[in-house]
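All figures in this text were calculated on a predicted structure; none of them were measured in a lab.
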There are 2 protein chains.
Amino acid sequence: MKKNLYGKCPYVTAQKVLYGKWTIVILHLLNNDEPIRFNELQRMMPEEMTHTTLSRQLKYLEKEKMIIRKDYGEIPPRVEYSLSEIGKSFKTVLDEIEKWGTDYINFMNVNNAE
Amino acid sequence: MKKNLYGKCPYVTAQKVLYGKWTIVILHLLNNDEPIRFNELQRMMPEEMTHTTLSRQLKYLEKEKMIIRKDYGEIPPRVEYSLSEIGKSFKTVLDEIEKWGTDYINFMNVNNAE
DNA sequence: CAGAATCCCTATTGATACTG
DNA sequence: CAGTATCAATAGGGATTCTG
């Protein structure tokens, strides 16, 4: 009987980390030098999403050690998100995704009449 | 109001193509010179999955033009799957995923007591 | 062998209201 | 501002059966 290979096979593991509906986009947006506040991040998202969903995705990525949540404990609340070290190292994948994604979009535009 | 950016933003697009539970692994397994038959592919999968699920994922990837399905029309059936051109170009992403995934696994092993 | 069809079940998302 | 809590809606996956 085969076993769960999360934490063993790099592909299975990466798939699980990236499985959320917005994870790649969030990691991409956080991939700069400035930490980003919650609402700011929501406004930057390319598509509509509720704060409930964003909150959940952020929590998931935090649990997976991809991002760091810094709560300033102020009123009104001020929370900033940034990439962790292992999250930053994901940049090489993001760069390839951007290149490939661009190629894929062009390819689909050429090949699809619709 | 924000719009659906599938087909516009490379990250959103890549996320949608990769959203299946096994897509990355399937693309990785098909990433060689030999086409692979259905049952053979199922046996190669690192974790248990039913043929129903594999069938669905393959259909999805075929619809997204990532893979090519070749039906030999024989009895008993013989169907081979291989990567399309745009699917092959995904290799650069897969390579980075493998590297990063390996780093991530090591990182998690060092940092998690459990 | 390589599915399709079906049903069921769970996980994920979305919508809304509430809070310090 | 940055959430949480709750509930409803949906999609995706799994199990089983049937087929040529």
Side-chain angles (χ1 to χ4, degrees), chain A residues 1-6 11-12 15-26 29-30 34-64 66-82, chain B residues 1-6 12 15-27 29-30 34-64 66-82:
Chain A
M1 182 129 157
K2 293 174 184 177
K3 306 206 41 220
N4 184 332
L5 288 192
Y6 174 74
Y11 298 102
V12 173
Q15 180 98 65
K16 292 229 167 124
V17 173
L18 301 179
Y19 191 42
K21 191 170 174 182
W22 306 99
T23 44
I24 293 176
V25 178
I26 291 173
L29 290 176
L30 289 179
E34 306 275 320
I36 304 182
R37 298 180 65 170
F38 184 87
N39 278 1
E40 194 181 355
L41 188 56
Q42 190 182 0
R43 280 190 296 270
M44 290 167 74
M45 292 297 293
E47 296 189 25
E48 219 70 62
M49 79 188 295
T50 61
H51 59 261
T52 315
T53 305
L54 178 57
S55 178
R56 263 189 304 237
Q57 300 264 316
L58 288 171
K59 244 177 211 347
Y60 178 70
L61 287 172
E62 191 191 358
K63 200 186 91 200
E64 301 289 311
M66 293 295 283
I67 64 175
I68 294 170
R69 175 181 185 275
K70 177 161 188 190
D71 188 339
Y72 285 82
E74 301 173 0
I75 303 286
R78 173 186 176 80
V79 178
E80 288 182 348
Y81 291 91
S82 56
Chain B
M1 182 126 158
K2 293 174 184 178
K3 307 207 36 222
N4 185 332
L5 288 193
Y6 174 74
V12 173
Q15 180 97 64
K16 292 230 168 123
V17 172
L18 302 179
Y19 191 43
K21 190 170 174 182
W22 306 100
T23 44
I24 293 177
V25 179
I26 292 172
L27 291 174
L29 290 176
L30 288 180
E34 306 275 320
I36 305 182
R37 298 181 64 169
F38 184 88
N39 279 1
E40 193 181 354
L41 187 56
Q42 189 181 1
R43 279 190 296 270
M44 290 167 76
M45 290 298 292
E47 298 188 25
E48 218 70 62
M49 78 188 294
T50 60
H51 58 259
T52 315
T53 304
L54 179 57
S55 178
R56 263 191 304 238
Q57 301 264 316
L58 289 171
K59 242 177 210 345
Y60 178 71
L61 287 172
E62 191 191 359
K63 200 187 90 199
E64 301 290 312
M66 294 295 284
I67 64 175
I68 294 170
R69 175 180 184 277
K70 177 161 187 188
D71 188 339
Y72 286 82
E74 300 173 357
I75 304 282
R78 172 188 176 79
V79 178
E80 287 182 348
Y81 292 92
S82 56

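Among the candidates A/Ile36, A/Thr23, A/Leu58, the single residue satisfying the side chain to side chain contact (heavy atoms under 4.5 Å, CB included) test with A/Ile67 is A/Leu58.
Listed here is the closest heavy atom pair of B/Glu47 and A/Val12: OE2-CG1, 3.2 Å.
Remark: B/Ser55 pairs with B/Phe38 by the side-chain contact (heavy atoms from CB on, under 4.5 Å) rule, at least two apart or across chains.
In this model, the phosphate group of C/dC1 is not approached by any side-chain N or O of B/Tyr81 to a distance below 4.0 Å at OP1 or OP2. For B/Arg69 and C/dG3, the shortest distance from a side-chain N or O to OP1 or OP2 is below 4.0 Å. Neither OP1 nor OP2 of C/dG3 sits under 4.0 Å from any side-chain N or O of B/Tyr72. Within the structure, every side-chain polar atom (N or O) of B/Gln42 is placed at least 4.0 Å from both OP1 and OP2 of C/dA2. A sub-4.0 Å separation between OP1 or OP2 of C/dA11 and a side-chain N or O of B/Lys21 is absent.
Between A/Phe38 and B/Leu54, the residue anchored closer to the 5' end of DNA chain D is A/Phe38, taking for each the nucleotide with the nearest heavy atom. Both A/Glu80 and A/Tyr19 sit near DNA chain D, but only A/Glu80 has its closest nucleotide nearer the 5' end. With DNA chain C read from its 5' end, the first of the two nearest nucleotides for B/Leu58 and A/Trp22 is the one closest to B/Leu58.
The nearest whole Å value for the distance from the CD1 atom in B/Ile26 to the P atom in D/dG12 is 14 Å. One interatomic measurement links the two molecules: CD of B/Glu47 to C1' of D/dG14, which rounds to 14 Å at whole-angstrom precision. Taking atom CG on A/Asn39 and atom P on D/dG3, their separation rounds to 9 Å, with Å as the unit. The separation between A/Ile36 atom CD1 and D/dC1 atom C1' is 16 Å, rounded to whole Å. Following rounding to the nearest Å, B/Met49 (CE) and C/dA2 (C1') show an atom-to-atom distance of 14 Å. The separation between A/Arg78 atom CZ and D/dG3 atom P is 13 Å, rounded to whole Å. Here the C1' atom of nucleotide C/dA4 and the NZ atom of B/Lys59 are 9 Å apart, to the nearest Å. At whole-Å resolution of the value, CD in A/Glu74 and P in D/dC1 are 13 Å apart.
A side-chain donor-acceptor contact under 3.5 Å links A/Gln57 to the backbone of A/Trp22. Under the 3.5 Å distance criterion, the side-chain polar atoms of A/Gln15 are matched with a main-chain donor or acceptor of B/Leu18.
Looking at heavy-atom distances under 4.0 Å, B/Glu40 makes no contact with the nucleic acid at all.
With a 4.5 Å cut-off on side-chain heavy atoms, A/Leu41 and A/Leu29 count as touching.
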If the sugar-phosphate is the primed atoms plus P, OP1 and OP2 and the base is the rest, what is the B/S/- string for nucleotides 15-20 of chain C, using protein heavy atoms under 4.0 Å? BBB--B
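Heavy-atom neighbours of B/Glu34 CD from other residues, nucleotides or ligands within 6.0 Å: at or below the threshold of 12.
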